[in-house]
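Comments concern the structure below.
Quick caveat: nothing in here was measured; it's all calculated off a predicted structure. Order of the sequence lines fixes the chain letters, A, B, ..., with proteins taken first and strands second; residue numbering starts at 1 for each chain.
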2 protein chains.
Amino acid sequence: MSGLRERQKADRHRRIIDAATALFREAGYEGAKIEAIASRAEVSIGTIYNYYQNKGDILGAIVSMEVNEVLNAGRGVVASPPANVGDALDTLIGIYIEHSLNYLSKEMWRQAMAISTQLPDSPFGQAYTALDRELTRQISALIARLQEIGLVRPDIDGPAVGELIFNNMNMMFIEFVKRDEARIPELRAAIRRQNRVLVAAIGE
Amino acid sequence: MSGLRERQKADRHRRIIDAATALFREAGYEGAKIEAIASRAEVSIGTIYNYYQNKGDILGAIVSMEVNEVLNAGRGVVASPPANVGDALDTLIGIYIEHSLNYLSKEMWRQAMAISTQLPDSPFGQAYTALDRELTRQISALIARLQEIGLVRPDIDGPAVGELIFNNMNMMFIEFVKRDEARIPELRAAIRRQNRVLVAAIGE
DNA sequence: AAGAAAAGTTGAACCAATTCTAAAATTGAG
DNA sequence: CTCAATTTTAGAATTGGTTCAACTTTTCTT
(Lines give C-alpha, C1' and ligand atoms only; values in the text may rest on other atoms or scores of the structure.)
Protein backbone atom coordinates (compact mmCIF):
# COMPACT_ATOMS: atom_id res chain seq x y z
CA MET A 1 0.00 0.00 0.00
CA SER A 2 2.62 2.52 1.09
CA GLY A 3 4.92 2.20 -1.91
CA LEU A 4 7.64 4.60 -2.89
CA ARG A 5 5.27 6.51 -5.14
CA GLU A 6 2.82 7.11 -2.28
CA ARG A 7 5.53 8.46 -0.06
CA GLN A 8 6.94 10.68 -2.75
CA LYS A 9 3.52 12.06 -3.46
CA ALA A 10 2.82 12.90 0.17
CA ASP A 11 6.25 14.45 0.46
CA ARG A 12 5.76 16.64 -2.60
CA HIS A 13 2.36 17.76 -1.33
CA ARG A 14 3.93 18.80 1.93
CA ARG A 15 6.84 20.56 0.26
CA ILE A 16 4.51 22.52 -2.01
CA ILE A 17 2.27 23.62 0.87
CA ASP A 18 5.26 24.56 3.01
CA ALA A 19 6.84 26.57 0.23
CA ALA A 20 3.56 28.28 -0.63
CA THR A 21 2.74 29.11 3.00
CA ALA A 22 6.11 30.73 3.48
CA LEU A 23 5.98 32.67 0.21
CA PHE A 24 2.38 33.80 0.65
CA ARG A 25 3.33 35.28 3.99
CA GLU A 26 6.60 36.77 2.74
CA ALA A 27 5.50 38.18 -0.59
CA GLY A 28 1.69 38.10 -0.46
CA TYR A 29 -0.50 35.95 -2.64
CA GLU A 30 0.05 37.86 -5.86
CA GLY A 31 3.72 38.31 -5.11
CA ALA A 32 4.28 34.59 -4.66
CA LYS A 33 5.00 33.49 -8.20
CA ILE A 34 4.27 29.89 -9.12
CA GLU A 35 7.81 29.58 -10.39
CA ALA A 36 9.13 30.65 -6.98
CA ILE A 37 6.89 28.21 -5.16
CA ALA A 38 8.01 25.45 -7.50
CA SER A 39 11.68 26.10 -7.08
CA ARG A 40 11.39 26.44 -3.29
CA ALA A 41 9.49 23.17 -3.15
CA GLU A 42 12.05 21.58 -5.47
CA VAL A 43 9.50 20.47 -8.02
CA SER A 44 8.69 21.74 -11.48
CA ILE A 45 5.86 24.08 -12.39
CA GLY A 46 4.07 21.23 -14.11
CA THR A 47 4.12 19.13 -10.96
CA ILE A 48 2.40 21.86 -8.99
CA TYR A 49 -0.38 21.89 -11.56
CA ASN A 50 -0.55 18.12 -11.31
CA TYR A 51 -1.25 18.41 -7.59
CA TYR A 52 -3.44 21.52 -7.60
CA GLN A 53 -5.76 22.75 -10.33
CA ASN A 54 -4.61 26.33 -9.96
CA LYS A 55 -2.87 28.76 -7.66
CA GLY A 56 -6.04 29.34 -5.68
CA ASP A 57 -6.30 25.69 -4.74
CA ILE A 58 -2.92 25.87 -3.02
CA LEU A 59 -4.20 28.69 -0.86
CA GLY A 60 -7.38 26.66 -0.41
CA ALA A 61 -5.47 23.79 1.16
CA ILE A 62 -3.97 26.18 3.70
CA VAL A 63 -7.32 27.78 4.48
CA SER A 64 -8.89 24.38 5.07
CA MET A 65 -6.31 23.51 7.68
CA GLU A 66 -6.91 26.79 9.50
CA VAL A 67 -10.70 26.53 9.47
CA ASN A 68 -10.61 22.93 10.61
CA GLU A 69 -8.52 23.94 13.60
CA VAL A 70 -11.08 26.60 14.38
CA LEU A 71 -13.93 24.11 14.13
CA ASN A 72 -12.10 21.80 16.49
CA ALA A 73 -11.52 24.54 19.02
CA GLY A 74 -15.21 25.40 18.82
CA ARG A 75 -16.35 21.91 19.76
CA GLY A 76 -15.33 22.45 23.36
CA VAL A 77 -17.57 25.48 23.70
CA VAL A 78 -20.56 23.66 22.24
CA ALA A 79 -20.01 20.72 24.59
CA SER A 80 -19.94 22.84 27.75
CA PRO A 81 -21.01 26.42 27.06
CA PRO A 82 -20.84 29.38 29.47
CA ALA A 83 -23.94 29.73 31.58
CA ASN A 84 -25.65 32.57 29.71
CA VAL A 85 -26.61 33.08 26.09
CA GLY A 86 -24.63 36.22 25.40
CA ASP A 87 -21.39 34.85 26.84
CA ALA A 88 -21.84 31.52 25.09
CA LEU A 89 -22.14 33.17 21.68
CA ASP A 90 -19.37 35.62 22.41
CA THR A 91 -17.04 32.82 23.48
CA LEU A 92 -17.65 30.74 20.36
CA ILE A 93 -17.34 33.72 18.02
CA GLY A 94 -14.28 34.82 19.94
CA ILE A 95 -12.60 31.49 19.27
CA TYR A 96 -13.33 31.78 15.58
CA ILE A 97 -11.97 35.27 15.32
CA GLU A 98 -8.96 34.92 17.57
CA HIS A 99 -7.78 31.80 15.77
CA SER A 100 -8.36 33.22 12.32
CA LEU A 101 -5.05 34.99 11.83
CA ASN A 102 -2.76 32.24 13.12
CA TYR A 103 -1.63 30.95 9.74
CA LEU A 104 -3.40 33.27 7.33
CA SER A 105 -2.69 36.95 6.90
CA LYS A 106 -5.53 39.34 6.10
CA GLU A 107 -4.32 39.46 2.53
CA MET A 108 -4.48 35.66 2.27
CA TRP A 109 -8.04 35.73 3.64
CA ARG A 110 -9.03 38.35 1.11
CA GLN A 111 -7.69 36.27 -1.72
CA ALA A 112 -9.29 33.11 -0.39
CA MET A 113 -12.69 34.74 -0.06
CA ALA A 114 -12.39 36.31 -3.49
CA ILE A 115 -11.54 33.02 -5.14
CA SER A 116 -14.34 31.20 -3.39
CA THR A 117 -16.93 33.57 -4.84
CA GLN A 118 -15.20 33.86 -8.19
CA LEU A 119 -14.91 30.12 -8.78
CA PRO A 120 -17.60 28.53 -6.61
CA ASP A 121 -17.34 25.24 -8.49
CA SER A 122 -13.59 24.80 -8.24
CA PRO A 123 -12.38 22.32 -5.62
CA PHE A 124 -11.50 25.19 -3.35
CA GLY A 125 -14.75 27.02 -3.94
CA GLN A 126 -16.75 23.98 -2.94
CA ALA A 127 -14.54 23.24 0.04
CA TYR A 128 -14.85 26.82 1.28
CA THR A 129 -18.62 26.76 1.04
CA ALA A 130 -18.67 23.46 2.92
CA LEU A 131 -16.52 24.93 5.69
CA ASP A 132 -18.88 27.89 6.02
CA ARG A 133 -21.76 25.47 6.33
CA GLU A 134 -19.99 23.59 9.10
CA LEU A 135 -19.38 26.79 11.02
CA THR A 136 -23.06 27.65 10.64
CA ARG A 137 -23.96 24.20 11.87
CA GLN A 138 -21.71 24.60 14.87
CA ILE A 139 -23.41 27.84 15.88
CA SER A 140 -26.80 26.20 15.45
CA ALA A 141 -25.57 23.29 17.55
CA LEU A 142 -24.62 25.72 20.31
CA ILE A 143 -28.10 27.18 20.26
CA ALA A 144 -29.64 23.71 20.37
CA ARG A 145 -27.39 22.93 23.33
CA LEU A 146 -28.54 26.11 25.10
CA GLN A 147 -32.13 25.06 24.47
CA GLU A 148 -31.44 21.70 26.13
CA ILE A 149 -29.96 23.45 29.15
CA GLY A 150 -32.97 25.72 29.26
CA LEU A 151 -31.16 28.96 28.51
CA VAL A 152 -32.89 29.48 25.16
CA ARG A 153 -36.63 29.31 24.64
CA PRO A 154 -37.58 25.92 23.15
CA ASP A 155 -39.86 27.44 20.51
CA ILE A 156 -37.01 29.38 18.88
CA ASP A 157 -36.07 28.38 15.31
CA GLY A 158 -32.49 27.42 16.17
CA PRO A 159 -31.15 26.76 12.66
CA ALA A 160 -32.52 30.08 11.37
CA VAL A 161 -30.97 31.97 14.27
CA GLY A 162 -27.70 30.12 13.73
CA GLU A 163 -27.64 31.19 10.10
CA LEU A 164 -28.41 34.78 11.02
CA ILE A 165 -25.61 34.91 13.55
CA PHE A 166 -23.09 33.21 11.29
CA ASN A 167 -23.92 35.32 8.26
CA ASN A 168 -23.60 38.52 10.23
CA MET A 169 -20.32 37.43 11.80
CA ASN A 170 -18.93 36.30 8.47
CA MET A 171 -19.82 39.56 6.75
CA MET A 172 -18.23 41.50 9.60
CA PHE A 173 -15.14 39.35 9.25
CA ILE A 174 -15.00 40.07 5.53
CA GLU A 175 -15.07 43.79 6.21
CA PHE A 176 -12.46 43.24 8.92
CA VAL A 177 -9.94 41.61 6.59
CA LYS A 178 -10.59 44.27 3.96
CA ARG A 179 -9.20 46.97 6.25
CA ASP A 180 -5.63 46.39 7.36
CA GLU A 181 -5.99 48.82 10.25
CA ALA A 182 -9.09 47.10 11.69
CA ARG A 183 -8.49 45.46 15.08
CA ILE A 184 -9.92 42.32 16.65
CA PRO A 185 -11.33 43.85 19.89
CA GLU A 186 -13.40 46.38 17.93
CA LEU A 187 -14.66 43.63 15.63
CA ARG A 188 -15.78 41.51 18.57
CA ALA A 189 -17.44 44.47 20.27
CA ALA A 190 -19.36 45.35 17.12
CA ILE A 191 -20.62 41.79 16.71
CA ARG A 192 -21.62 41.64 20.37
CA ARG A 193 -23.63 44.80 19.94
CA GLN A 194 -25.39 43.42 16.86
CA ASN A 195 -26.19 40.16 18.59
CA ARG A 196 -27.57 41.85 21.70
CA VAL A 197 -31.15 42.25 20.44
CA LEU A 198 -31.16 38.67 19.30
CA VAL A 199 -29.75 37.38 22.57
CA ALA A 200 -32.43 39.22 24.50
CA ALA A 201 -35.11 37.80 22.22
CA ILE A 202 -34.15 34.14 22.40
CA GLY A 203 -33.11 33.98 26.04
CA GLU A 204 -35.49 32.21 28.42
CA MET B 1 -15.68 74.26 -20.78
CA SER B 2 -17.36 71.77 -23.07
CA GLY B 3 -14.67 71.64 -25.72
CA LEU B 4 -14.17 68.93 -28.25
CA ARG B 5 -11.94 67.03 -25.87
CA GLU B 6 -14.59 66.96 -23.13
CA ARG B 7 -17.21 65.61 -25.47
CA GLN B 8 -14.89 63.00 -26.91
CA LYS B 9 -13.97 61.85 -23.45
CA ALA B 10 -17.58 61.43 -22.35
CA ASP B 11 -18.35 59.66 -25.59
CA ARG B 12 -15.46 57.23 -25.20
CA HIS B 13 -16.49 56.48 -21.62
CA ARG B 14 -19.96 55.63 -22.81
CA ARG B 15 -18.72 53.53 -25.71
CA ILE B 16 -16.42 51.52 -23.45
CA ILE B 17 -19.16 50.85 -20.90
CA ASP B 18 -21.64 49.89 -23.61
CA ALA B 19 -19.19 47.54 -25.28
CA ALA B 20 -18.16 45.99 -21.97
CA THR B 21 -21.75 45.52 -20.78
CA ALA B 22 -22.66 43.72 -23.99
CA LEU B 23 -19.58 41.53 -23.98
CA PHE B 24 -19.76 40.68 -20.26
CA ARG B 25 -23.28 39.42 -20.82
CA GLU B 26 -22.45 37.60 -24.05
CA ALA B 27 -19.17 36.01 -23.13
CA GLY B 28 -18.96 36.37 -19.34
CA TYR B 29 -16.43 38.49 -17.49
CA GLU B 30 -13.42 36.25 -18.16
CA GLY B 31 -14.54 35.62 -21.72
CA ALA B 32 -14.72 39.32 -22.55
CA LYS B 33 -11.18 40.07 -23.66
CA ILE B 34 -9.93 43.63 -23.28
CA GLU B 35 -8.96 43.55 -26.92
CA ALA B 36 -12.55 42.69 -27.88
CA ILE B 37 -13.97 45.44 -25.68
CA ALA B 38 -11.51 47.91 -27.18
CA SER B 39 -12.32 47.05 -30.75
CA ARG B 40 -16.07 47.04 -30.12
CA ALA B 41 -15.80 50.45 -28.44
CA GLU B 42 -13.59 51.64 -31.31
CA VAL B 43 -10.76 52.69 -29.05
CA SER B 44 -7.35 51.21 -28.43
CA ILE B 45 -6.34 49.00 -25.53
CA GLY B 46 -4.23 51.82 -24.18
CA THR B 47 -7.22 54.12 -24.11
CA ILE B 48 -9.20 51.70 -22.00
CA TYR B 49 -6.40 51.62 -19.45
CA ASN B 50 -6.27 55.38 -19.53
CA TYR B 51 -9.95 55.54 -18.53
CA TYR B 52 -10.05 52.60 -16.11
CA GLN B 53 -7.28 51.29 -13.92
CA ASN B 54 -8.06 47.70 -14.79
CA LYS B 55 -10.70 45.35 -16.13
CA GLY B 56 -12.41 45.20 -12.77
CA ASP B 57 -13.03 48.93 -12.72
CA ILE B 58 -15.04 48.67 -15.92
CA LEU B 59 -17.29 46.12 -14.25
CA GLY B 60 -17.32 48.38 -11.22
CA ALA B 61 -18.83 51.24 -13.18
CA ILE B 62 -21.66 48.97 -14.29
CA VAL B 63 -22.27 47.65 -10.77
CA SER B 64 -22.48 51.17 -9.41
CA MET B 65 -25.26 52.06 -11.82
CA GLU B 66 -27.23 48.98 -10.83
CA VAL B 67 -26.89 49.48 -7.08
CA ASN B 68 -27.78 53.14 -7.34
CA GLU B 69 -31.00 52.21 -9.09
CA VAL B 70 -31.75 49.78 -6.30
CA LEU B 71 -31.10 52.43 -3.66
CA ASN B 72 -33.45 54.78 -5.47
CA ALA B 73 -36.18 52.19 -5.66
CA GLY B 74 -35.76 51.56 -1.94
CA ARG B 75 -36.39 55.18 -0.98
CA GLY B 76 -40.09 54.83 -1.68
CA VAL B 77 -40.44 51.97 0.80
CA VAL B 78 -38.63 53.87 3.54
CA ALA B 79 -40.83 56.92 2.95
CA SER B 80 -44.11 55.03 3.28
CA PRO B 81 -43.57 51.49 4.54
CA PRO B 82 -46.17 48.68 4.76
CA ALA B 83 -48.04 48.68 8.03
CA ASN B 84 -46.23 45.84 9.78
CA VAL B 85 -42.60 45.15 10.50
CA GLY B 86 -42.30 41.83 8.69
CA ASP B 87 -43.87 43.11 5.49
CA ALA B 88 -41.88 46.32 5.56
CA LEU B 89 -38.58 44.47 5.73
CA ASP B 90 -39.68 41.91 3.19
CA THR B 91 -40.74 44.62 0.77
CA LEU B 92 -37.45 46.50 0.99
CA ILE B 93 -35.36 43.36 0.71
CA GLY B 94 -37.59 42.20 -2.12
CA ILE B 95 -36.83 45.36 -4.07
CA TYR B 96 -33.11 44.86 -3.60
CA ILE B 97 -33.21 41.27 -4.72
CA GLU B 98 -35.67 41.57 -7.58
CA HIS B 99 -33.76 44.49 -9.11
CA SER B 100 -30.38 42.87 -8.69
CA LEU B 101 -30.29 40.85 -11.89
CA ASN B 102 -31.57 43.53 -14.27
CA TYR B 103 -28.23 44.49 -15.75
CA LEU B 104 -25.85 42.14 -14.00
CA SER B 105 -25.74 38.39 -14.47
CA LYS B 106 -24.85 36.14 -11.53
CA GLU B 107 -21.42 35.68 -13.04
CA MET B 108 -20.89 39.44 -13.16
CA TRP B 109 -21.95 39.74 -9.52
CA ARG B 110 -19.51 37.00 -8.53
CA GLN B 111 -16.68 38.80 -10.25
CA ALA B 112 -17.67 42.13 -8.79
CA MET B 113 -17.83 40.76 -5.25
CA ALA B 114 -14.56 38.93 -5.69
CA ILE B 115 -12.74 42.02 -6.92
CA SER B 116 -14.15 44.14 -4.12
CA THR B 117 -12.66 41.84 -1.47
CA GLN B 118 -9.49 41.19 -3.42
CA LEU B 119 -8.67 44.85 -4.02
CA PRO B 120 -10.52 46.77 -1.30
CA ASP B 121 -8.43 49.89 -1.94
CA SER B 122 -8.94 50.09 -5.69
CA PRO B 123 -11.45 52.69 -6.89
CA PHE B 124 -13.98 49.94 -7.40
CA GLY B 125 -13.29 48.29 -4.07
CA GLN B 126 -13.90 51.52 -2.22
CA ALA B 127 -17.00 52.33 -4.24
CA TYR B 128 -18.43 48.88 -3.57
CA THR B 129 -17.89 49.17 0.16
CA ALA B 130 -19.54 52.59 0.12
CA LEU B 131 -22.57 51.19 -1.69
CA ASP B 132 -22.89 48.41 0.90
CA ARG B 133 -22.80 51.02 3.62
CA GLU B 134 -25.57 52.98 1.93
CA LEU B 135 -27.74 49.90 1.71
CA THR B 136 -27.13 49.26 5.40
CA ARG B 137 -28.06 52.83 6.17
CA GLN B 138 -31.26 52.50 4.19
CA ILE B 139 -32.32 49.44 6.17
CA SER B 140 -31.52 51.27 9.41
CA ALA B 141 -33.53 54.23 8.13
CA LEU B 142 -36.50 51.95 7.57
CA ILE B 143 -36.28 50.70 11.13
CA ALA B 144 -36.03 54.26 12.42
CA ARG B 145 -39.11 55.11 10.36
CA LEU B 146 -40.98 52.15 11.85
CA GLN B 147 -40.00 53.36 15.30
CA GLU B 148 -41.49 56.76 14.50
CA ILE B 149 -44.73 55.15 13.38
CA GLY B 150 -44.76 53.10 16.54
CA LEU B 151 -44.36 49.70 14.92
CA VAL B 152 -40.94 49.06 16.42
CA ARG B 153 -40.11 49.44 20.08
CA PRO B 154 -38.33 52.76 20.67
CA ASP B 155 -35.63 51.20 22.86
CA ILE B 156 -34.35 48.97 20.04
CA ASP B 157 -30.82 49.67 18.76
CA GLY B 158 -31.88 50.48 15.21
CA PRO B 159 -28.47 50.80 13.57
CA ALA B 160 -27.29 47.49 15.06
CA VAL B 161 -30.42 45.70 13.88
CA GLY B 162 -30.02 47.30 10.44
CA GLU B 163 -26.48 45.99 10.18
CA LEU B 164 -27.55 42.52 11.29
CA ILE B 165 -30.31 42.39 8.69
CA PHE B 166 -28.15 43.77 5.89
CA ASN B 167 -25.22 41.50 6.64
CA ASN B 168 -27.43 38.44 6.70
CA MET B 169 -29.17 39.42 3.48
CA ASN B 170 -25.90 40.21 1.77
CA MET B 171 -24.34 36.91 2.76
CA MET B 172 -27.43 35.08 1.53
CA PHE B 173 -27.19 36.99 -1.73
CA ILE B 174 -23.55 36.00 -2.11
CA GLU B 175 -24.47 32.35 -1.72
CA PHE B 176 -27.33 32.91 -4.15
CA VAL B 177 -25.12 34.21 -6.95
CA LYS B 178 -22.63 31.43 -6.31
CA ARG B 179 -25.20 28.80 -7.32
CA ASP B 180 -26.58 29.21 -10.84
CA GLU B 181 -29.57 27.04 -10.09
CA ALA B 182 -30.64 29.06 -7.01
CA ARG B 183 -33.95 30.89 -7.46
CA ILE B 184 -35.17 34.22 -6.14
CA PRO B 185 -38.37 33.03 -4.37
CA GLU B 186 -36.43 30.50 -2.30
CA LEU B 187 -33.86 33.14 -1.42
CA ARG B 188 -36.54 35.53 -0.23
CA ALA B 189 -38.29 32.82 1.75
CA ALA B 190 -35.06 31.85 3.49
CA ILE B 191 -34.32 35.44 4.46
CA ARG B 192 -37.89 35.91 5.73
CA ARG B 193 -37.47 32.88 7.92
CA GLN B 194 -34.18 34.13 9.32
CA ASN B 195 -35.64 37.56 10.04
CA ARG B 196 -38.73 36.17 11.75
CA VAL B 197 -37.21 35.90 15.24
CA LEU B 198 -35.84 39.38 14.92
CA VAL B 199 -39.12 40.82 13.67
CA ALA B 200 -40.96 39.29 16.63
CA ALA B 201 -38.39 40.70 19.01
CA ILE B 202 -38.38 44.29 17.81
CA GLY B 203 -42.10 44.63 17.04
CA GLU B 204 -44.18 46.71 19.47
C1' DA C 1 14.95 -9.82 -13.63
C1' DA C 2 13.31 -7.97 -18.08
C1' DG C 3 9.96 -5.60 -20.49
C1' DA C 4 5.53 -3.34 -20.82
C1' DA C 5 2.13 -0.45 -18.83
C1' DA C 6 0.85 3.06 -15.78
C1' DA C 7 1.69 7.12 -13.37
C1' DG C 8 4.07 11.18 -12.76
C1' DT C 9 7.42 14.92 -14.03
C1' DT C 10 9.29 18.52 -16.76
C1' DG C 11 9.79 23.12 -18.86
C1' DA C 12 9.09 25.47 -23.09
C1' DA C 13 5.19 27.54 -25.42
C1' DC C 14 0.81 29.88 -25.04
C1' DC C 15 -2.45 33.42 -23.80
C1' DA C 16 -4.46 37.49 -21.99
C1' DA C 17 -3.98 41.41 -18.71
C1' DT C 18 -1.19 45.21 -18.01
C1' DT C 19 2.72 48.52 -18.82
C1' DC C 20 5.47 51.39 -21.59
C1' DT C 21 6.98 54.57 -25.19
C1' DA C 22 6.92 57.11 -29.12
C1' DA C 23 3.73 59.45 -32.12
C1' DA C 24 -0.57 62.22 -32.77
C1' DA C 25 -4.20 65.36 -31.39
C1' DT C 26 -6.00 69.29 -28.72
C1' DT C 27 -5.61 73.38 -26.30
C1' DG C 28 -4.44 78.13 -24.94
C1' DA C 29 -1.04 81.96 -25.03
C1' DG C 30 0.96 85.46 -27.64
C1' DC D 1 -2.40 81.75 -36.85
C1' DT D 2 1.49 79.25 -34.71
C1' DC D 3 3.66 76.58 -31.49
C1' DA D 4 4.87 74.64 -27.09
C1' DA D 5 2.66 72.20 -23.37
C1' DT D 6 -0.37 68.76 -22.27
C1' DT D 7 -3.27 64.98 -22.97
C1' DT D 8 -4.41 60.98 -25.45
C1' DT D 9 -3.59 57.18 -28.50
C1' DA D 10 -1.73 52.90 -30.55
C1' DG D 11 0.17 48.73 -30.25
C1' DA D 12 4.55 46.29 -29.18
C1' DA D 13 6.81 44.39 -25.16
C1' DT D 14 6.42 42.37 -20.65
C1' DT D 15 4.65 39.37 -17.25
C1' DG D 16 2.94 35.47 -14.93
C1' DG D 17 -0.57 31.75 -14.70
C1' DT D 18 -1.71 27.66 -17.19
C1' DT D 19 -1.33 23.86 -20.75
C1' DC D 20 0.71 20.10 -23.15
C1' DA D 21 3.68 16.71 -25.49
C1' DA D 22 7.86 14.37 -24.65
C1' DC D 23 10.48 12.12 -21.20
C1' DT D 24 11.32 9.40 -16.52
C1' DT D 25 10.31 6.74 -12.87
C1' DT D 26 7.67 3.33 -10.57
C1' DT D 27 4.92 -0.65 -10.59
C1' DC D 28 3.16 -4.82 -12.46
C1' DT D 29 3.51 -9.19 -14.96
C1' DT D 30 5.49 -13.32 -16.06
| Are W109(A) and F176(A) close enough that their ring centres sit under 6.0 Å apart? |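 Ring centres of F176(A) and W109(A) not closer than 6.0 Å.
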
| Heavy atoms under 4.0 Å, any strand shown: does Y52(A) hit a base, just sugar-phosphate, or nothing? |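 No contact.
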
Atom [atom1] of [X] and atom [atom2] of [N]: how far apart are they, to the nearest Å?
{"X": "D11(A)", "N": "dG8(C)", "atom1": "CG", "atom2": "P", "result": "15 Å"}
{"X": "E6(A)", "N": "dA7(C)", "atom1": "CD", "atom2": "P", "result": "12 Å"}
{"X": "I16(A)", "N": "dG8(C)", "atom1": "CD1", "atom2": "P", "result": "13 Å"}
{"X": "L59(A)", "N": "dG17(D)", "atom1": "CG", "atom2": "P", "result": "13 Å"}
{"X": "I37(A)", "N": "dG16(D)", "atom1": "CD1", "atom2": "P", "result": "13 Å"}
{"X": "Y51(B)", "N": "dA10(D)", "atom1": "OH", "atom2": "C1'", "result": "14 Å"}
{"X": "N50(B)", "N": "dA25(C)", "atom1": "CG", "atom2": "P", "result": "16 Å"}

Tell me whether the side-chain N/O atoms of [X] come closer than 4.0 Å to OP1 or OP2 in [N].
{"X": "T47(A)", "N": "dT10(C)", "result": "yes"}
{"X": "Q8(A)", "N": "dG8(C)", "result": "no"}
{"X": "R12(B)", "N": "dT8(D)", "result": "no"}
{"X": "S44(B)", "N": "dT9(D)", "result": "no"}

| message | Here's a test for you: under side chain to side chain contact (heavy atoms under 4.5 Å, CB included), which of I156(A), L142(A), I202(A) qualifies with Q147(A)? | response |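 When I156(A), L142(A), I202(A) are each tested with Q147(A), the side chain to side chain contact (heavy atoms under 4.5 Å, CB included) holds only for I156(A).
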
Distances for protein N or O near nucleotides 15-22 of chain C N or O, under 3.5 Å:
{"from": "dA17(C)", "atom 1": "OP1", "to": "K55(B)", "atom 2": "NZ", "distance (Å)": "3.0"}
{"from": "dA17(C)", "atom 1": "OP2", "to": "I34(B)", "atom 2": "N", "distance (Å)": "3.2"}
{"from": "dT18(C)", "atom 1": "OP2", "to": "Y49(B)", "atom 2": "OH", "distance (Å)": "2.6"}
{"from": "dT18(C)", "atom 1": "OP2", "to": "K55(B)", "atom 2": "N", "distance (Å)": "3.1"}
{"from": "dT18(C)", "atom 1": "O5'", "to": "Y49(B)", "atom 2": "OH", "distance (Å)": "3.4"}

| request: Salt-bridge test for E134(A) and R137(A): reply yes if a basic N is under 4.0 Å from a carboxylate O, no otherwise. | output: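 R137(A) and E134(A): not salt-bridged.
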
| said: What I want to find out is whether D180(B) reaches K106(B) closely enough, with some N-O distance under 4.0 Å, to be called a salt bridge. | reply: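 So D180(B) does not pair with K106(B) through a salt bridge.
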
| task | Ignoring hydrogens and angles, state whether a donor on the side chain of N170(B) or N167(B) is under 3.5 Å from an acceptor on the partner side chain. | result |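 There is no such pair between these side chains.
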
| query | Is the side chain of K55(B) donor-acceptor paired with the backbone N or O of Y29(B) at a distance under 3.5 Å, no angle test? | reply |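 Yes.
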
| Y103(A): what forms a ring pair (Phe, Tyr, Trp, His ring centres under 6.0 Å) with it, not counting sequence neighbours? |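 Scan of Y103(A) (ring pair (Phe, Tyr, Trp, His ring centres under 6.0 Å), adjacent residues dropped) gives none.
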
